[in-house]
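Numbering starts at 1 and runs along the sequence shown.
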Amino acid sequence: AGDGAREAAGADARAAAAAGADTLARRFERERPYLRRLAYGTLGSFAEADDVVQEAWLRLQRVDAATIEDLRAWLTTVVGRLALDALGSARARRERYVGPWLPEPSVDTVAGSAASRADAVDPADRVTLDEQVTTALLVVLERLSPAERTAFVLHDVFGLGFPEVAEVVGRTPAAVRQLAARARRHVDDGTPRFPASREQHAEIVAAFAAAWQVGDVDGLVGVLDPEVVLTSDGGGVVSAARHPIAGSERVAKVLAGFARVSLALGAGRGGFAEVNGRTGLVFDDGRVMSVISFTVDRGRIVAIDIVRNPQKLRHVPADALGTPPEQER
């Protein structure tokens, strides 16, 4: 009888442990989108972000979850620290990168207005929407130190207080405040001073696409800022410009030439998509897919960023080609 009681007790304990593990897994999965966006904002790479989030899950399994009062806060700290550590090795790899390095684009083909999508998201997670992590912001963040970048993303984008950020970066709250202030100045200098509304941005990109499709150089120049910069990231895997191309006339001629080649080959299909929260383009020339994002300031396109490296486009939705541009109501 004693042995039977012990076996029953052991079975109950195992069942309770399994149930606890399942509950913890479900709680973690609810936080995964938030954690992934946080890591992506810090690293500019979904692949690296996924590695960081997975490591956070492994660490969570090694602690007594009952001692964690606020799971999201605990996971935020862990993911923040892991992303900060990963920035060092990531920056070293990017220094050896072939050609310009651009962040992996976040491509969304979900229909409906930004407002309707926001209504479908938990209010606590709205800071994680793509509108907060534009391509222009990610490019500027690459110029910051790891500590500055982490402090800015956690505080300015995700709304953490300076004491919480201090736990992540290993500095005092006062020091973190200075880090965030320095980062903010860089961001202000490197992002549009007069950004377009979502509707204006979509209209300008539509005008660009119409001119590009037929190789209309004058039409392209009309929507480009005189000092526009085109950056193309092929990573040494596919063809891409090894250096940024500057100037509206030069950029327009390069783009028009690319369009003519695609048409001559009988290839080329594409469409509009949400790229990091703004209307962009996804284009397939029959050989390589390209995701194109635009930065608009004072009503003109000031930056065109083209990601062609297929290793950075694995997460692009299969239906990305042919999606009409979103018009917010």
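Geometrically, Arg72 engages Tyr34 in a cation-pi contact, judged by NZ or CZ lying under 6.0 Å from the ring centre and within 45° of the ring axis.
No side-chain heavy atom of His243 sits less than 4.5 Å from a side-chain heavy atom of Thr231. In this structure the side chain of Gln200 never reaches within 4.5 angstrom of the side chain of Val296, judged on heavy atoms. For the pair Val52/Glu55, no side-chain contact is recorded, criterion being any heavy-atom separation below 4.5 Å from C-beta on. Using a 4.5 Å cut-off on side-chain heavy atoms (C-beta onward), Pro244 and Leu230 make no contact. The shortest side-chain heavy-atom distance between Pro173 and Glu164 does not fall under the 4.5 Å cut-off. Between Pro310 and Val238 there is a side-chain heavy-atom pair separated by less than 4.5 Å. Counting heavy atoms from C-beta outward, Arg300 and Val223 have side chains that stay 4.5 Å or more apart. Counting heavy atoms from C-beta outward, Ser293 and Asn276 have side chains that stay 4.5 Å or more apart.
Between Asp233 and Arg308 there is no salt bridge, since no side-chain N of the basic residue sits under 4.0 Å from a carboxylate O of the acidic one. Between Glu31 and Arg26 there is no salt bridge, since no side-chain N of the basic residue sits under 4.0 Å from a carboxylate O of the acidic one. The existence of a salt bridge linking Asp297 and Arg193 is excluded, since no basic side-chain nitrogen approaches an acidic carboxylate oxygen closer than 4.0 Å. Salt-bridge check for Arg298 with Asp225: failed, with every basic side-chain N at 4.0 Å or more from each acidic carboxylate O. Taking a cutoff of 4.0 Å between a charged side-chain nitrogen and a carboxylate oxygen, Glu148 and Arg171 do not qualify as a salt bridge. Salt-bridge annotation for Glu274 and Arg198: present, with a side-chain N of the basic residue lying under 4.0 Å from a carboxylate O of the acidic one. The residues Arg91 and Glu142 are annotated as not salt-bridged, no charged nitrogen and carboxylate oxygen being separated by less than 4.0 angstrom.
Remark: side-chain polar atoms of Arg278 are not paired, donor with acceptor, to backbone N or O of Ala202 under 3.5 angstrom. A donor-acceptor distance shorter than 3.5 angstrom exists from the side chain of Glu104 to the backbone of Phe46, with no hydrogens or angles considered. Under the 3.5 Å distance criterion, the side-chain polar atoms of His315 are matched with a main-chain donor or acceptor of Pro105. Of the possible polar contacts, none joining the His155 side chain to the Gly161 backbone as a donor-acceptor pair under 3.5 Å is found. Remark: the backbone N or O of Leu144 is not paired with any side-chain donor or acceptor of Arg149 at under 3.5 angstrom. Checked by atom type and distance alone, the side chain of Tyr40 never pairs as donor or acceptor with a backbone atom of Glu48 at under 3.5 Å. A side-chain donor-acceptor contact under 3.5 Å links Thr67 to the backbone of Asp64.
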Exercise. Val302 and Val228: side-chain contact (heavy atoms from CB on, under 4.5 Å), yes or no, with the steps?
Worked result: CA-CA 4 Å; Val302 296; Val228 63; 5.6 Å; no

For this session: Take Ile292 and Val275 through the side-chain contact (heavy atoms from CB on, under 4.5 Å) test and state the conclusion after the steps.
Result: CA-CA 8 Å; Ile292 309 172; Val275 182; over 6 Å; no

Problem set entry | Phe162 vs Leu154, side-chain contact (heavy atoms from CB on, under 4.5 Å): CA-CA, chis, key distance, verdict | CA-CA 9 Å; Phe162 289 122; Leu154 292 179; over 6 Å; no

For this session: Check step by step if side-chain contact (heavy atoms from CB on, under 4.5 Å) holds for Val157 and Val133.
Result: CA-CA 8 Å; Val157 178; Val133 189; 4.3 Å; yes

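More than 12 heavy atoms of other residues, nucleotides or ligands lie within 6.0 Å of CZ in Arg32, so this atom counts as buried by the packing criterion. The environment of Gln61 atom CD is dense: over 12 non-hydrogen atoms of other residues, nucleotides or ligands sit within 6.0 angstrom. The number of heavy-atom neighbours closer than 6.0 Å to CD of Glu69, taken from other residues, nucleotides and ligands shown, is 12 or below.
Here the CD1-CD1 distance, from Ile245 to Ile306, works out to 8.0 Å after rounding to the nearest 0.5 Å. Taken to the nearest 0.5 Å, the OG atom of Ser145 stands 6.5 Å off from the CG atom of Leu179. Separating the OG atom in Ser290 from the CG atom in Asp305 is a distance of 12.5 Å, to the nearest 0.5 Å. To the nearest 0.5 Å, atoms CZ (Arg81) and CG (Asp85) are separated by 9.5 Å. Interatomic distance, CG of Asp50 versus CG of Leu35, reported as 11.0 Å (0.5 Å rounding). To the nearest 0.5 angstrom, Asp188 atom CG is 11.0 Å from His186 atom NE2.
Minimum interatomic distance between Leu220 and Ala252 (heavy atoms only, all atoms of both residues): CD1-O, 3.6 Å. Residue Val187 comes nearest to Thr191 through the heavy atom pair O-OG1, 2.6 Å, listed as atom of the first residue, atom of the second, then distance. Across all their heavy atoms, Val251 and Ala246 have their closest contact at CG2-C, 4.3 Å. Between Val165 and Ala151, the shortest heavy-atom contact is CG1-CA, 3.8 Å. Annotation for Gly234 and Tyr97: closest pair C-OH, 4.5 Å, computed over non-hydrogen atoms. Considering every non-hydrogen atom in both Val168 and Leu84, the closest pair reads O-CD2, 4.0 Å.
Residues Leu102 and Val288 are members of separate hydrophobic clusters, defined by side-chain heavy-atom contacts under 4.5 angstrom among Ile, Leu, Val, Met, Phe, Trp and Tyr. Under the 4.5 Å side-chain heavy-atom criterion for grouping Ile, Leu, Val, Met, Phe, Trp and Tyr, Phe158 is connected to Val176 within one hydrophobic cluster. In the hydrophobic cluster analysis, where Ile, Leu, Val, Met, Phe, Trp and Tyr join through side-chain heavy atoms closer than 4.5 angstrom, Val217 is grouped apart from Ile204. Transitive grouping of hydrophobic side chains (ILVMFWY, heavy atoms separated by less than 4.5 Å) brings Ile68 and Leu38 into a common cluster. At a threshold of 4.5 Å between side-chain heavy atoms, the hydrophobic network of Ile, Leu, Val, Met, Phe, Trp and Tyr places Trp74 and Trp57 in one connected group.
The aromatic rings of Trp212 and Phe208 sit tilted, their planes meeting at an angle between 30° and 60°.
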